[in-house]
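Heads up: the structure comes next, in structure tokens.
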Amino acid sequence: MSQHTADQRLADFQAIPVIDIHDLLHGDTAARQTVADALGRAAREVGFFQMVGHGIDQSLREGLIRQAKRFFAQSSDTKMQRYIGRYHHHRGYVPPGEESPDPAKPDMKEAFDLAFELPESDPEVLAGTPLLGPNPWPDLDGFRKPVAAYYEAAYQVGRALMGGFALALGLEEQQLLRHVNKPPSQLRLIHYPYNPDAEDAQGIGAHTDYECFTLLLPTAPGLEVMNGAGEWIDVPYQEDALVVNIGDMLEIWSNGEFVATSHRVRKVKQERYSFPLFFACDYHTEVAPLPELVERHGKAHYAPLTAGDHLYAQTIQTFRYLRERLAKGDITLPEGAREVGSLGQHGKHKDNPL
């Protein structure tokens with residue numbers, strides 16, 4: 001799919017659609033297909049939507065937010081006991097300045113990162129597969145249970161969305177879910193401290209997400225999405241909604257029918273929190289344009305890649321502690337690693353600046 005075609009599809013959107021997915025979770029075949037059709041329109045025309053009817057109870061959302069506030073209120077020394085650089089499967093505390101898609105513009109947030117829980121005895125963990133393993137839960141009474149409960153609820157909604165996206169592409173509902181068994185799907189607890197100088201500072205710089213799609217629980221405005229004309233469109237804050245956006249892997253699987261749209265966080269003065277769940281497929285999955293889509297479009301528009309290797313390579317290039325390990329020779333980039341931001345709408349605009 002050409003750059004021109006992709007940009008024309010996105011050029012006119014000035015708002016983010018709202019989709020009620022209740023019937024995707026609880027409806028019959030026809031009702032699920034109706035929701036899937038709405039998902040497909042949003043994925044093709046915007047790459048983003050607000051999701052309501054998701055069934056993630058308010059008490060679960062509030063429990064997650066409460067525990068995040070407790071964790072980040074601790075001293076820096078206490079938080080650094082779970083510093084992400086202490087571990088070998090990319091989980092733990094991320095201090096301000098540790099992370100940046102562009103090393104020249106470090107993000108000034110802090111975060112606690114966790115992912116799909118696997119025991120040390122799991123064969124993939126024993127084999128040293130990157131990004132897989134147990135979570136280094138903080139030594140904070142009452143933290144783990146509500147955070148894990150939110151993760152499980154959001155992860156199950158993600159599985160339903162994956163089925164909906166498959167239907168939207170004209171596939172069998174379970175076709176993509178066959179590749180979701182032990183995925184490195186990451187939940188980030190992100191804290192933006194109060195910053196009166198934030199007018200000219202980035203919260204999270206412009207990027208696309210590396211996984212299949214993202215389910216974001218926001219707590220305040222600040223997210224912006226780039227349309228095909230290069231304009232930044234605000235995503236309004238809606239208290240009961242999660243924000244969903246298409247990631248690199250789903251764009252490749254769909255052979256470009258779905259668009260991984262560039263987005264950023266800007267204008268963050270007030271203290272706020274944000275909770276993205278990055279829904280991934282299994283580490284060793286080869287992600288390539290699906291044969292049904294290649295036949296429909298006439299040719300494949302993307303080269304295949306290994307999902308986990310792509311995610312790991314992007315992560316190495318984004319986090320300071322991993323860049324340092326790379327420089328020391330302690331780790332290596334996976335073969336065929338792409339530069340950060342080389343896929344999705346972000347990569348297209350880098351290649352063809354407006």
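For the ring pair (Phe, Tyr, Trp, His ring centres under 6.0 Å) condition, the pairs that include at least one residue of residues 169-191, sequence neighbours left out, are Phe72-His191, His179-Trp253, His191-Tyr273.
Take Arg325 and apply the side chain to side chain donor-acceptor pair (under 3.5 Å) test, not counting sequence neighbours, and it matches no residue. The ring-ring contact (aromatic ring centres under 6.0 Å, His included) search around Tyr93 returns Phe71, not counting sequence neighbours. For Thr34, there are no side chain to side chain donor-acceptor pair (under 3.5 Å) partners two or more places apart in sequence or in a different chain. Applying the side chain to side chain donor-acceptor pair (under 3.5 Å) rule to Glu124 yields the partners Thr129, His284; only residues at least two apart in sequence or on another chain are considered. Annotation: side-chain contact (heavy atoms from CB on, under 4.5 Å) contacts of Gln58 (sequence neighbours excluded): Arg61, Glu62. Applying the side chain to side chain donor-acceptor pair (under 3.5 Å) criterion to Tyr237, with sequence neighbours excluded, gives no partner residue. Annotation: ring-ring contact (aromatic ring centres under 6.0 Å, His included) contacts of Tyr151 (sequence neighbours excluded): none.
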Which side-chain N or O atoms in residues 134-141 pair as donor and acceptor under 3.5 Å with protein atoms at least two apart or in another chain?
{"unit_1": "Asn135", "atom_1": "OD1", "unit_2": "Arg91", "atom_2": "NH1", "d": "2.9"}
{"unit_1": "Asn135", "atom_1": "OD1", "unit_2": "Ala115", "atom_2": "N", "d": "2.9"}
{"unit_1": "Asn135", "atom_1": "ND2", "unit_2": "Ala115", "atom_2": "O", "d": "2.9"}
{"unit_1": "Asn135", "atom_1": "ND2", "unit_2": "Glu117", "atom_2": "OE1", "d": "2.7"}
{"unit_1": "Trp137", "atom_1": "NE1", "unit_2": "Glu117", "atom_2": "OE1", "d": "3.2"}

List the atom pairs, donor and acceptor, that lie under 3.5 Å between side-chain atoms in residues 160-178 and the rest of the protein, sequence neighbours left out.
{"unit_1": "Glu172", "atom_1": "OE1", "unit_2": "Gln174", "atom_2": "N", "d": "3.1"}
{"unit_1": "Glu172", "atom_1": "OE1", "unit_2": "Gln175", "atom_2": "N", "d": "3.2"}
{"unit_1": "Glu172", "atom_1": "OE1", "unit_2": "Arg178", "atom_2": "NH2", "d": "3.2"}
{"unit_1": "Glu172", "atom_1": "OE2", "unit_2": "Gln174", "atom_2": "N", "d": "3.0"}
{"unit_1": "Glu173", "atom_1": "OE1", "unit_2": "Arg32", "atom_2": "NE", "d": "3.3"}
{"unit_1": "Glu173", "atom_1": "OE1", "unit_2": "Arg32", "atom_2": "NH2", "d": "3.1"}
{"unit_1": "Glu173", "atom_1": "OE2", "unit_2": "Arg32", "atom_2": "NE", "d": "3.2"}
{"unit_1": "Gln175", "atom_1": "NE2", "unit_2": "Glu292", "atom_2": "OE2", "d": "3.3"}

Name the atoms and distances for all side-chain donor-acceptor pairs under 3.5 Å in residues 19-29, with sequence neighbours left out.
{"unit_1": "Asp20", "atom_1": "OD1", "unit_2": "His22", "atom_2": "N", "d": "2.9"}
{"unit_1": "Asp28", "atom_1": "OD1", "unit_2": "Ala30", "atom_2": "N", "d": "3.3"}
{"unit_1": "Asp28", "atom_1": "OD1", "unit_2": "Ala31", "atom_2": "N", "d": "2.8"}

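The distance from atom CD of Glu295 to atom CG of Leu290, rounded to the nearest 0.5 Å, is 12.5 Å. Between atom CZ of residue Arg82 and atom CG of residue Leu114 there is a gap of 13.0 Å, rounded to the nearest 0.5 Å. Note that the OH atom of Tyr155 and the CG atom of Leu215 stand 12.0 Å from one another [nearest 0.5 Å].
Residues Tyr210 and Met249 form no side-chain contact, since every pair of their non-hydrogen atoms from C-beta on lies 4.5 Å or further apart.
Under a 4.5 Å side-chain heavy-atom criterion applied to ILVMFWY residues, the cluster that includes Leu126 comprises that residue alone.
Hydrophobic clustering places Val94 together with Tyr83 (ILVMFWY residues linked when any side-chain heavy atoms are closer than 4.5 Å, directly or through intermediates). A chain of hydrophobic side-chain contacts below 4.5 Å, direct or via other Ile, Leu, Val, Met, Phe, Trp or Tyr residues, connects Tyr283 to Leu118.
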